Asker: 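Right, I'll just put the structure down here and ask away after.
What you see is a predicted model; the values in this text were computed from it and never measured. Numbered from 1 within each chain, the chains take letters A, B, ... in sequence-line order.
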Amino acid sequence: MPSPERQPIIKVKNLHKRFGPLHVLKGIDLSVQTGEKICIVGPSGSGKSTLLRCINFLEEPDEGMVWLDGAPMGFIEVPGGGRRRATESEINRLRASVGMVFQSFNLWGHMTVLRNIIEAPINVRGLDRRTAEAQACRLLERIGLIEKRDAYPSQLSGGQQQRVAIARALAMDPKIMLFDEPTSSLDPELVGEVLEVMRSLARDGMTMLVVTHEMGFASEVADRVVFMDHGAILEEAAPAAFFRAPQNERAAQFLAKVIRQRGAV
Amino acid sequence: MDIELSMVTYAMPILLKGMANTILFCSVSMVIGFVLAVGIALARFSRHAVLRRSAQWFVELIRNTPFLVQAFLVFFALPKLGVRFNATTAGILVLSLYAAAYFTESIRGAILSVPKGQMEAARAVGMPYFRAMRRIVFPQMLGYLLPSLTNQVIGVIKESAALSVISVPEAAMAAQVVLGVSFNPVDTYIMVALLYWLVTATIAAVMLRVERRVLTRRPGKSAAPVGASAA
Amino acid sequence: MKFDVDVVVYALPYLLNGAKVTLSMSLLAILLGVPVGIGLFIGLQSSGVILRKVIGLYISFARGTPLFIQILIVYYLLPSIGLDISSYFAAVIALSLNSGAYISEMIRGGLTAVPKGQIEAARALAMPRRLIWRRIALPQIFALILPPLTVEFTALLKASALVSVIGVIELTRTAQQIVAATYRPIEIWLVVGALYFVMCYALGALTRRIERATAVYRLH
């Protein structure tokens, strides 16, 4: 259950992003409390991924702001109004507390599973090798892949790679975890093992923002479902309300199409 | 180092004639080489181990030794065994063998690039072997063959310059003739280089056009690496 | 027509010395060719249109003209611009300038082969750009470039035979001198061919070994 804090851990205000002539984010406002699980759903091209990537500044918004636990992300307000772009180290300082899991896993192919997980804690958080390795092993045990610690990513299945990717993100001890369609690239029989890790993460109280097409997972885990289409948030509701009786018409159309394709939620 | 115009007007005809020789020379060698290459490629796929191994060894020998050494072997060593060639014949012989060894790799790659299912499907509808090869396999091979072969052709033309060392009358040799009269090596060799460059660049450009025409007409499925990355 | 083994025994030490020169020259050429290739590649990324065009022309020239002619041009060009160096170094320069053109293409191939997603993941993990370059990009580029580099080295070994014409005492030139002295071209050239073959074939095997070893680093 989300803890009622006054300051949201993520605050997004009037976010706009254009790619050339394409207006991908049209004034997004969003507030996430600590410990909340938000699932973002919607058709392709609705800007869901872009929103996620603006939150950890992998994409630079054209207008609007993101605050992480009160601290502005990517921009520094200058006295006299206006803002300047933050330096790389200022950005990275905030990024360290946001973990991200990608659709294509993005494990580093030339490093073993263990090295993948300890690389950032050692080089960014300054952990010593022994501590980092111990932590990595704990994480690997938790996701059930401890025996693969010396394997290379190319030797793992997609589901295993994604679980390692989650462990790699968790090794940085983040306050927030972003998931960008984490199961979309997986063969159907491998989706379950990844969702299980995400469920356990949710149970432990992690703040999670998940872009997904897995409606079952959303209805089970989410505190709030956010529906996006064409760059705008059209509906925000608790999963029970959203899936049973969506208020927005396009949301209803989207759900109808998805349920027809995948079976009941 | 300014290029004197008089020297250029004197040298150009000689160099052009040399380049014409090079083109003629290389063309003959490459035709012979291509025919040999097809034979060698077929031998590589043969069921008889002797044929396969000999073909493999021939290719490995040519590809792992310098062209110049091959030329010396033919031009200086062979006469001792009683076989005497003049420079031109020796040159064509060596260049043909060289071309054959390199072309055959392109041909082999092209044959292997066509999925086996294609031939099987053709046979399944009752097409005889050779017609299947001609109408189904060969056209798809072109997608791989054309760019790969273009690269090799350019390689052969560049390599042919080494034959000037055994006095074969071609472009690089013509440069030496010019040098004999007006000792201006830098300008002369640069002019020759520019002529070679013209030839190879033209071949690359023409083949690019041909590839685009030939390859886009096909129901585009195969992973044809369009565009010779040469010159 | 008997195969004269004695002349082979006599010639072998000289030939092996020549082979040493061939190897050292080719090694030097490729070691110099790498920075040349890097420089050319960086130049191609620049915003200056003229620079990009010039480099493009240079690469096209190096790849579209015979190495034989390039060697002769460099050999005669250097003294005329005041650089009076030995034919050995003139040869090394010509070979490395030529290699550099091919290596710049390899670098481009290696760079584009590193999956962008891996870089993004590193950014998301708050890794600074220099660290990403050093720990993620560079090692993978290196692994990708190693096989084509050894292939290029093999090509240099074979091309080095051409520098015999400018008087560098490498394997081919040594052989020419011995043949002139002993009048036994068959034995000498066969042995020389065998020496080159052994070197190149061994390098080919090394290339294949490297490819197998780095295969595990490649995803998909």
Asker: Is chain C contacted by the side chain of A:L107, its backbone, both, or neither, given a heavy-atom distance below 4.5 Å?
Answerer: backbone
Asker: Would you say C:F89 has more than 12 foreign heavy atoms packed within less than 6.0 Å of its CZ?
Answerer: no
Asker: C:Y217 vs A:H110 aromatic rings, parallel, tilted or perpendicular, using cut-offs 30° and 60°?
Answerer: perpendicular
Asker: Non-hydrogen atoms of chain C under 4.5 Å away: do they reach the side chain of A:E119, the backbone, both or neither?
Answerer: side chain
Asker: Once you round to the nearest 0.5 Å, how far does CD1 of A:I117 lie from CG of C:L125?
Answerer: 11.0 Å
Asker: Please look at C:A124 and chain A and tell me whether the side chain, the backbone, both or neither of the residue comes under 4.5 angstrom of a heavy atom of that chain.
Answerer: both
Asker: Looking at every non-hydrogen atom in both residues, tell me the closest pair between A:P153 and C:L219 and how far apart they are.
Answerer: CB-CD2, 3.5 Å
Asker: Look at atom CZ of A:R84 and say whether more than 12 heavy atoms of other residues, nucleotides or ligands are closer to it than 6.0 Å.
Answerer: yes
Asker: Based on non-hydrogen pairs under 4.5 Å, which of C:V114, C:I119, C:I136 is most in contact with chain A?
Answerer: C:I136
Asker: List the atom of A:N123, the atom of C:R135, and the distance in Å for their closest heavy-atom pair.
Answerer: ND2-NE, 4.0 Å
Asker: What residues of residues 160-184 of chain A sit under 4.5 Å from chain C when only non-hydrogen atoms are counted?
Answerer: A:Q161, A:R168, A:A169, A:M172
Asker: Apply side chain to side chain contact (heavy atoms under 4.5 Å, CB included) to residues C:E120 and A:M100 and explain how you reach the verdict.
Answerer: CA-CA 10 Å; C:E120 279 214 320; A:M100 185 156 188; over 6 Å; no
Asker: Would you find more than 12 non-hydrogen atoms of other residues, nucleotides or ligands less than 6.0 Å from C:I50 atom CD1?
Answerer: no
Asker: If you count the non-hydrogen atoms of other residues, nucleotides and ligands that lie under 6.0 Å from OH in C:Y88, is the total more than 12?
Answerer: yes
Asker: Is it the case that atom CZ in C:F142 sees more than 12 heavy atoms from other parts of the structure closer than 6.0 Å?
Answerer: no
Asker: Please look at A:V124 and chain C and tell me whether the side chain, the backbone, both or neither of the residue comes under 4.5 angstrom of a heavy atom of that chain.
Answerer: side chain
Asker: Please round to the nearest 0.5 Å and tell me the distance separating atom CG of A:N106 and atom NZ of C:K116.
Answerer: 12.0 Å
Asker: Can you confirm whether more than 12 heavy atoms, excluding those of C:R209, are under 6.0 Å from its CZ atom?
Answerer: no
Asker: Nearest heavy-atom pair of C:Q140 and A:G109: which atoms, and what distance?
Answerer: NE2-N, 4.3 Å
Asker: Is C:R129 atom CZ crowded by more than 12 heavy atoms from other residues, nucleotides or ligands, each under 6.0 Å away?
Answerer: no
